[in-house]
Amino acid sequence: MTGFSIFVLLVLVLAVLLVVMGVKAVPQGREYTVERFGRYTRTLTPGLNLIVPLVDRIGAKLSMMETVLDVPQQDVITRDNALVTVDGVVFFQVLDAARAAYEVSHLENAILNLTMTNVRTVMGSMDLDELLSQRDKINAQLLTVVDEATTSWGVKVTRIEIKDISPPRDLVDSMGRQMKAERDKRAAILEAEGLRQAAILKAEGEKQATILAAEGRREAAFRDAEAREREAEAEARATAVVSQAIGAGSVQAVNYFVAQRYVAALEKVASAPNQKVLMMPLEAASVIGSIAGIGELAREAFATRPAPTLPPTLPPGIPPA
């Protein structure tokens with residue numbers, strides 16, 4: 001092999017090396033920065049890219065996919081001086097590869113330290129009860145603060161989640177006792193409320209029963225009074241009729257009423273349950289006189305009534321119409 005052939009071979013090898021050095025394949029989900037003489041010039045996107053060999057070089061290789069970082073456990077003192085241990089995770093995504101590569105050194109470490117610092121700031125401004133009950137509020141405040149601080153780095157913080165909040169053991173025991181006392185208190189209140197409602201319902205029932213009984217007695221009294229009024233009216237009309245009869249000269253009417261009352265009194269005395277033998281002076285003449293008066297009244301009444309009209313007598317053998 002001559003010297004010229006060796007030179008040509010070296011040129012070919014050099015050309016192949018330059019082509020290989022100038023062709024850059026970027027995988028999906030990643031971006032490369034290109035530096036020329038140490039200065040950033042452009043960003044290579046996923047796919048086949050060409051750079052100037054020996055002049056350009058690949059600077060930083062960045063993942064453009066969403067990345068998760070574990071926030072290690074750390075102690076936080078709340079506003080009411082309770083010591084708790086917290087940890088969490090932070091999700092972020094690089095939106096500008098050039099700024100993420102050249103605006104901050106050690107991007108992930110910077111985001112992690114920034115998140116831990118703001119966790120102590122945000123959670124330290126809350127009481128323990130607020131800390132345990134408002135985790136969503138804590139996550140939202142942390143996301144707002146950290147995302148705003150990392151915007152200049154070309155990074156978007158998508159989520160920050162506090163995984164665990166662990167108070168000290170003695171504080172957990174105190175919280176357990178407090179929760180039990182609170183539940184006992186609620187149970188006692190509910191029981192007392194139930195007894196109060198039962199007493200109210202019972203009193204309402206008794207009240208309604210008393211009202212209904214009073215209304216019943218009033219209705220009965222009203223009807224009794226009405227019955228006595230009707231009886232008095234009937235008695236008054238009877239007395240008026242008797243007075244008219246007496247005024248017309250009929251003394252038998254007086255005897256009728258006396259005999260009626262006399263017989264009624266005897267009926268009551270005879271029907272008494274403690275009277276097995278009845279012995280009392282009776283004026284037979286008065287009773288007979290009164291009964292005779294009733295007979296006279298009957299005769300006067302029949303005498304004043306017109307004689308009934310008999311139907312005409314038909315001849316024998318003729319059937320009635």
Partner residues of Phe91 under the ring pair (Phe, Tyr, Trp, His ring centres under 6.0 Å) criterion, sequence neighbours left out:
none
Just by modelled atom types, is the [Y] backbone N or O under 3.5 Å from a matching donor or acceptor in the [X] side chain?
X: Thr67; Y: Met65; value: yes
X: Asp87; Y: Asp164; value: yes
X: Asn139; Y: Arg135; value: yes
X: Gln93; Y: Met64; value: yes
X: Asp80; Y: Asp127; value: no

Min side-chain heavy-atom separation [X]-[Y] under 4.5 Å:
X: Ile51; Y: Arg42; result: yes
X: Val23; Y: Leu48; result: yes
X: Val104; Y: Val155; result: no
X: Leu143; Y: Arg159; result: no
X: Val119; Y: Ile162; result: yes
X: Lys163; Y: Val71; result: no
X: Ile165; Y: Met123; result: yes

Calculate, to the nearest 0.5 Å, the distance between atoms [atom1] and [atom2] belonging to [X] and [Y] respectively.
X: Asn49; Y: Lys24; atom1: CG; atom2: NZ; result: 10.5 Å
X: Met116; Y: Leu69; atom1: CE; atom2: CG; result: 11.5 Å
X: Asn81; Y: Leu128; atom1: CG; atom2: CG; result: 11.0 Å
X: Gln178; Y: Asp129; atom1: CD; atom2: CG; result: 6.5 Å
X: Leu195; Y: Ile200; atom1: CG; atom2: CD1; result: 11.0 Å
X: Trp153; Y: Ile111; atom1: CH2; atom2: CD1; result: 6.5 Å

Is it the case that the side chains of Gln208 and Glu204 hold a donor-acceptor pair, with the cut-off being a distance below 3.5 Å and no angle test?
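Note: Glu204 and Gln208 side chains miss the donor-acceptor criterion.
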Assess, by modelled atom type and distance only, whether the side chains of Glu66 and Thr158 contain a donor and an acceptor separated by less than 3.5 Å.
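Indeed, the side chains of Glu66 and Thr158 share at least one donor-acceptor pair under 3.5 Å.
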In terms of hydrophobic clusters joined by side-chain contacts under 4.5 Å, are [X] and [Y] together?
X: Leu107; Y: Leu112; answer: yes
X: Val94; Y: Val34; answer: no
X: Leu50; Y: Val19; answer: yes
X: Val90; Y: Val145; answer: no
X: Leu171; Y: Leu131; answer: yes

Residues Met175, Met179; criterion side chain to side chain contact (heavy atoms under 4.5 Å, CB included); working and verdict
CA-CA 6 Å; Met175 293 170 62; Met179 181 183 66; over 6 Å; no
Can you tell me if [atom1] on [X] sees more than 12 non-hydrogen neighbours from other groups inside 6.0 Å?
X: Glu148; atom1: CD; answer: no
X: Glu191; atom1: CD; answer: no
X: Arg230; atom1: CZ; answer: yes
X: Gln134; atom1: CD; answer: yes

Check [Y] with [X], please: is the shortest side-chain N to carboxylate O separation under 4.0 Å?
X: Glu215; Y: Arg218; value: no
X: Glu219; Y: Arg223; value: yes
X: Arg228; Y: Asp224; value: no

Closest non-hydrogen atom pair between [X] and [Y], with its separation:
X: Met126; Y: Thr78; value: O-CB, 3.2 Å
X: Tyr102; Y: Ala60; value: OH-N, 4.5 Å
X: Ser105; Y: Ala110; value: O-CB, 4.4 Å
X: Ser152; Y: Glu103; value: O-CG, 3.7 Å
X: Ala98; Y: Thr43; value: CB-OG1, 4.4 Å
X: Ala97; Y: Leu62; value: O-CD1, 2.9 Å

I need the single residue from Leu14, Ile6, Val13 that forms a side chain to side chain contact (heavy atoms under 4.5 Å, CB included) with Leu10. Which is it?
Ile6
Starting from the C-alpha separation in whole Å, work towards a yes-or-no answer on side chain to side chain contact (heavy atoms under 4.5 Å, CB included) for Thr45 and Val26.
CA-CA 6 Å; Thr45 58; Val26 179; over 6 Å; no
Could you go step by step and tell me if Asp184 and Lys180 meet the salt bridge (Lys or Arg N to Asp or Glu O under 4.0 Å) rule?
CA-CA 6 Å; Asp184 292 341; Lys180 183 177 182 301; 3.2 Å; yes
